[in-house]
Number of protein chains: 2
Amino acid sequence: MSESEEAHRERTRRHKAVVDAKIAAATRDKGLLLVLTGNGKGKSSSAFGMVARTLGYGRRAAVFQFIKGTENVGERAFFSTHPDVIWEKCGEGFTWETQDRARDIAAARAGWEKARAALSDPSISLVVLDELTYPITYRYLAVGEIMAAIEARPPMQHVVITGRAADDALIAAADTVSAIRDVKHAFRDGVRAQEGIDR
Amino acid sequence: MSESEEAHRERTRRHKAVVDAKIAAATRDKGLLLVLTGNGKGKSSSAFGMVARTLGYGRRAAVFQFIKGTENVGERAFFSTHPDVIWEKCGEGFTWETQDRARDIAAARAGWEKARAALSDPSISLVVLDELTYPITYRYLAVGEIMAAIEARPPMQHVVITGRAADDALIAAADTVSAIRDVKHAFRDGVRAQEGIDR
């Protein structure tokens, strides 16, 4: 064995010891609240990846899309007909599309009532509240009411909330929070939303 | 209509004009190179969400997992048997697990050769190079060789690279880059990787 290989082994052995100790210390299972926020690409798509993972274990997932427009998008085409998926569209696009605050509030509330039912159903392993931060920011929904339902959910149920500018109450209550920073986005180079990537 | 509703309409009308102008300026289609980096949760799961979106349009996706361990994880269970998915595991875990640099290099190279074939196949709409940043950082693979294959790919093929500490050459070449910051992670509270969320 060359010296550099031996040095490599020694270095990785030390690294492995540190990683193994951290893994040994993490032994609990818990229904997690995850918040994916920030202005970069990857928040909703990450939530849909977790839907795929959940289905991979034969478990059920429920997705509530609070803002998405009416267009047929890839994730809905792919997941919404799966027998273990509940898929609800809870809005008709960003509020500046509808230009009708009362209608937006009614759509958000109707969506939230369906989401609340999923949050009390222990047969659902993962609840995705996609773009829920916007109806909170616009005060269509009260964050206190949302937090109460999330806190009262079945103990092993996971919840993922996506959207820019997550409310401090969501951040404080979450187990895992990722802030996704937009370093670069093809949109600013004149590339429109690409099928399979952005929608 | 109340005055506040009128004010709301005027504000959203202005917002809509700005958003519409940006959307009108983005008219091109392009095969994108996306880099999802940073130390937060959501990089690989976002890539898997894009696999779901791609399949939702009836298109093909290829996933190369460069580091993942041997365990059966949700994403592989869910996607790997789909007829429009190529799924390849190109490593046996982090290098500190195998403790064998030569074997890790051989596994990374063998995986890269398969990925390179996908990068020259125009029938594949999306190529995910999951955790590719690690074999680059460890110098198992040369970033120049990887960049050359990515630049020579079919023009409408999308490529997603995930992993911490993405090389500057990847960042520079990418169309879209998200840096995912770990604000909080349940792991540090003693919660182990949860099925459906982290694996």
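Convention: sequence-line order gives letters A, B, ...; per-chain numbering from 1.
The shortest side-chain heavy-atom distance between A/Arg53 and B/Ser45 falls under the 4.5 Å cut-off.
Salt bridge present: B/Arg192 and A/Asp29 bring a charged side-chain N and a carboxylate O closer than 4.0 Å.
Looking only at distances, no side-chain donor or acceptor of B/Ser178 sits under 3.5 Å from a matching main-chain atom of A/Gly42.
Across B/Gly56, B/Gly49, B/Ser46, the residue that shares the most heavy-atom pairs under 4.5 angstrom with chain A is B/Ser46. In terms of heavy-atom pairs under 4.5 angstrom with chain B, the leader among A/Glu195, A/Lys30, A/His158 is A/Glu195. Counting heavy-atom pairs closer than 4.5 Å to chain B, the top residue among A/Gly58, A/Ala193, A/Ala26 is A/Ala26. Annotation: maximal heavy-atom pairing with chain A below 4.5 Å, among B/Val177, B/Asn39, B/Val183, occurs at B/Val177. When each of B/Gly40, B/Ala174, B/Gly38 is checked for heavy-atom pairs under 4.5 Å with chain A, B/Ala174 comes out on top.
Here CG of A/Leu55 is found 8.5 Å from CZ of B/Phe79. Values are rounded to the nearest 0.5 Å. Note that OG1 of B/Thr176 is 9.0 Å distant from CD1 of A/Ile197, once rounded to the nearest 0.5 Å. Atom-to-atom distance recorded for A/Phe48:CZ and B/Met50:CE is 11.5 Å, nearest 0.5 angstrom. Taking CG of B/Leu36 as the reference point, atom NZ of A/Lys41 lies at 8.0 Å (rounded to 0.5 Å). The structure places CG of A/Leu32 at 10.0 Å from CG of B/Asp189, a figure rounded to the nearest 0.5 Å. One distance of note links CE of B/Met156 with CD of A/Gln194; it measures 5.0 Å at 0.5 Å rounding.
The number of heavy-atom neighbours closer than 6.0 Å to CZ of A/Arg28, taken from other residues, nucleotides and ligands shown, is above 12. Counting non-hydrogen atoms of other residues, nucleotides and ligands closer than 6.0 Å to CZ of A/Arg139 gives a total of 12 or fewer.
Residues of residues 161-173 of chain A that come closer than 4.5 Å to chain B, counting heavy atoms only, are A/Ile171, A/Ala172, A/Ala173, ordered by residue number. Along residues 110-117 of chain B, no residue comes nearer than 4.5 angstrom to chain A, judged on non-hydrogen atoms.
For B/Lys43, no part lies near chain A; criterion is any non-hydrogen pair under 4.5 Å. For a residue to count as touching a neighbouring chain, one of its non-hydrogen atoms must lie under 4.5 Å from one of that chain's; by this rule A/Ala179 touches chain B with backbone and side chain alike. Both the backbone and the side chain of B/Ala52 come within contact range of chain A, each with at least one heavy atom under 4.5 Å from a heavy atom of that chain. Neither the backbone nor the side chain of B/Leu33 comes within contact range of chain A, judged by heavy atoms closer than 4.5 Å.
When the side chains of ILVMFWY residues are joined at heavy-atom separations under 4.5 Å, either directly or via intervening members, B/Val35 and B/Ile180 end up in two distinct hydrophobic clusters.
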Fill in: Verdict with reasoning, B/Asp175 to A/Lys184, per side chain to side chain contact (heavy atoms under 4.5 Å, CB included)
CA-CA 7 Å; B/Asp175 299 286; A/Lys184 259 191 202 183; over 6 Å; no
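Note: A/Phe78 and B/Phe78 have perpendicular aromatic rings, judged against thresholds of 30 and 60 degrees for the angle between ring planes.
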